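Computed from a predicted structure; not experimentally measured. All values below were derived from every heavy atom in this structure, side-chain atoms included, with hydrogens, water molecules and symmetry-related copies excluded. Per chain, numbering begins at 1; letters A, B, ... match sequence-line order.
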Protein chains: 2
Amino acid sequence: METITALSHAPIRIRGVRGWPGDRGTEAPHLELAPAEKAELARLGEVVDFKTPGSLIFSQGDDAAFIHLLVDGLVRTYHTLQNGERQVVAFHWPGDLLGLAEDGRHVSSAQAIVPSRIYRFPTAKLARFLLKHPKVQDGFLVKAMHDLRAAQRQLIVMGKFDVTRRLAALLVDCSGHEHYFDPKSGVLTLPMSRDDVADYLGTSVETVIRAVTRLHREGLVERIRPRELKLDLDRLKGFAAL
Amino acid sequence: METITALSHAPIRIRGVRGWPGDRGTEAPHLELAPAEKAELARLGEVVDFKTPGSLIFSQGDDAAFIHLLVDGLVRTYHTLQNGERQVVAFHWPGDLLGLAEDGRHVSSAQAIVPSRIYRFPTAKLARFLLKHPKVQDGFLVKAMHDLRAAQRQLIVMGKFDVTRRLAALLVDCSGHEHYFDPKSGVLTLPMSRDDVADYLGTSVETVIRAVTRLHREGLVERIRPRELKLDLDRLKGFAAL
DNA sequence: CGCTTAATTGATCAACATCAACAGTAGTGG
DNA sequence: CCACTACTGTTGATGTTGATCAATTAAGCG
């Protein structure tokens, strides 16, 4: 179910764009770290493979011993409320960092949605490393602000959009990830279940389905198979624009 | 309406707690920076006074020339949608940093809710400073993660709570700020209007009011005046617990 | 092909938005 | 001090969105 690969050469890439352009015109969707820094960073951690969908990466309340960097795959982080309800806080794509902690403990749980490869860095070790490598630390700061922007954006979506638009916004987000979206055909292969979507959008499965139906009726989406949707991306973007 | 004080000695305090305890047992709600660092930081910026409620600190789409540190007062950041609707993204208390940017432009607008004093640091200058002062940069990283936790927490609230619980959660948040809450009497002096609350909770003014009524009926809150509520903090916390 | 899980559809009910009217509250000038 | 005015907050009535429960169908998979 999960395999630890001590010495491994998975490439280190962190997804995120700088909000305040420090170096001019860095339009890449990934932070640029020097090769030497990447190598050093790689030596700090180890690669873990989570082969089966649903496998638990860490759990809410766990001692936050590691900071995780998703190399490949797709991960959901979610919070379980007292009554057992689940709120998916975020979907994480390759290059995302996971493992936000409070008081030394994970605030959310994380599960692989598809088979995923993850670097994990011991927190203390990483913290010391960052203090000695300002450029890398800067990268982490940029990443944190990137994620903060994303969270605030989702807050707007949750506060002001009805479910249909929330879904549209999610589809647009997903379409930004080449692995699941073919720009030529416009076909998105949804990696997550209707349940995941519902728990992310703060609604029920049934309502998600009806939202798909509505988008279909309006011609913004064509339902090929449950997990395969042909998007009219331009119109979707317009529909879900803030 | 706004006054710039070039040389000023407002104290620098950044609100936020480290998630992964780096130094042991730092339980203070504020980051500890060395006095020398604070002094240097202070020299980078200038203090601006926003004397009248509603005065605009920066506006969505503006060139993000500054990073702002709220010294005193209360600020709302909000996003204005295409149809003119407003979503309040966050309330900012003393010690908070504001001015998240994307592509060099502010993603939200910020307004003083009560008269507020704000440090503003030129972004480029600050960015250079941070690269040379890893401890301070670390502080900013901790702050960013603190805010990210807060945003994700609010996402859970928005996704899973009905309006009454959302309101309860907000009241609990407000009660954490001494200036507006007297623990002895349990009286909270709400600094923001019902509109602000509604636009923050993603609902309407009327529904906010009915939520207050409901909390009142349940005995969790006593309505002294519109902006003065006597809280049963323990029960409120229980009611709004995640 | 059967079997399990995921997705879908329909019917009913509660939460909330919306519109309209009204009551406090605070500020201003006579 | 009162009277006038402009907000801000509150209440009531009605329609809509989405939650919930129950039943059914469609996909994936050994």
Review point. Short question: side chain of B:His79, backbone of B:Gln87 - any donor-acceptor pair under 3.5 Å?
Key: no
Point to revise | Whole angstrom value for the distance that separates P of D:dA26 from CD of A:Glu228 | key: 18 Å
Revision key, fill the gap. Of the candidates D:dT11, D:dG9, C:dC16, the side chain of B:Asp195 sits closest to D:dG9
Point to revise | Within the 6.0 Å centroid threshold, strictly below: A:Phe66 and A:Phe121 | key: no
Practice item. Could you tell me whether B:Arg117 sits above the aromatic face of B:Phe50, with NZ or CZ closer than 6.0 angstrom to the six-membered ring centre and within 45 degrees of the axis? Key: no
Check your understanding: With sequence neighbours excluded, what pairs up with A:His216 under the side-chain contact (heavy atoms from CB on, under 4.5 Å) test?
Key -> A:Glu222, A:Arg223
Show me the protein contacts with nucleotides 28-30 of chain D, counting only N or O atoms at under 3.5 Å.
| residue | atom | partner | partner atom | Å |
| --- | --- | --- | --- | --- |
| D:dG28 | OP2 | A:Arg225 | NH1 | 3.1 |

Revision key, fill the gap. Heavy atoms of A:Ala110 and A:Val75 approach each other most closely as CB-CG1, 4.0 Å
Check your understanding: Excluding sequence neighbours, so at least two apart, what forms salt bridge (charged side-chain N to carboxylate O under 4.0 Å, His left out) with B:Asp96?
Key -> B:Arg15, B:Lys143
Check your understanding: Going by the side chain to side chain donor-acceptor pair (under 3.5 Å) test, which pairs reach into residues 225-242 of chain A, not counting sequence neighbours?
Key -> A:Arg225-A:Glu228
Point to revise | Interatomic distance, A:Arg214 CZ vs D:dT16 P [rounded to whole Å] | key: 14 Å
Check your understanding: Are any of B:Arg194's side-chain N or O atoms less than 4.0 Å away from OP1 or OP2 of C:dT25?
Key -> no
Check your understanding: Do A:His68 and A:Tyr119 make the cut of ring centroids closer than 6.0 angstrom?
Key -> no
Review point. Which of residues 199-212 of chain A sit near DNA chain D, with a heavy atom under 4.0 Å from it?
Key: A:Gly202, A:Thr203, A:Ser204, A:Glu206, A:Thr207, A:Arg210
Exercise for review: Grab the CG-C1' distance between B:Leu190 and D:dG9 for me, whole Å please.
Suggested key: 13 Å
Revision key, fill the gap. So, with a heavy-atom separation below 4.0 Å from DNA chain C, the residues of residues 160-174 of chain A are none
Review point. Under the 3.5 angstrom rule, does the side chain of B:Gln111 hit a backbone N or O of B:Arg76 as a donor-acceptor pair?
Key: no
Study note, to complete from the structure: From CE of A:Met192 across to C1' of C:dT5 the rounded distance in Å is 19 Å
Check your understanding: Side chain of B:Thr203, backbone of B:Asp199: donor and acceptor closer than 3.5 Å?
Key -> no
Check your understanding: Does the salt bridge (Lys or Arg N to Asp or Glu O under 4.0 Å) test come out yes or no for B:Arg86 and B:Asp196, once each step is laid out?
Key -> CA-CA 9 Å; B:Arg86 187 185 74 150; B:Asp196 284 337; 2.9 Å; yes
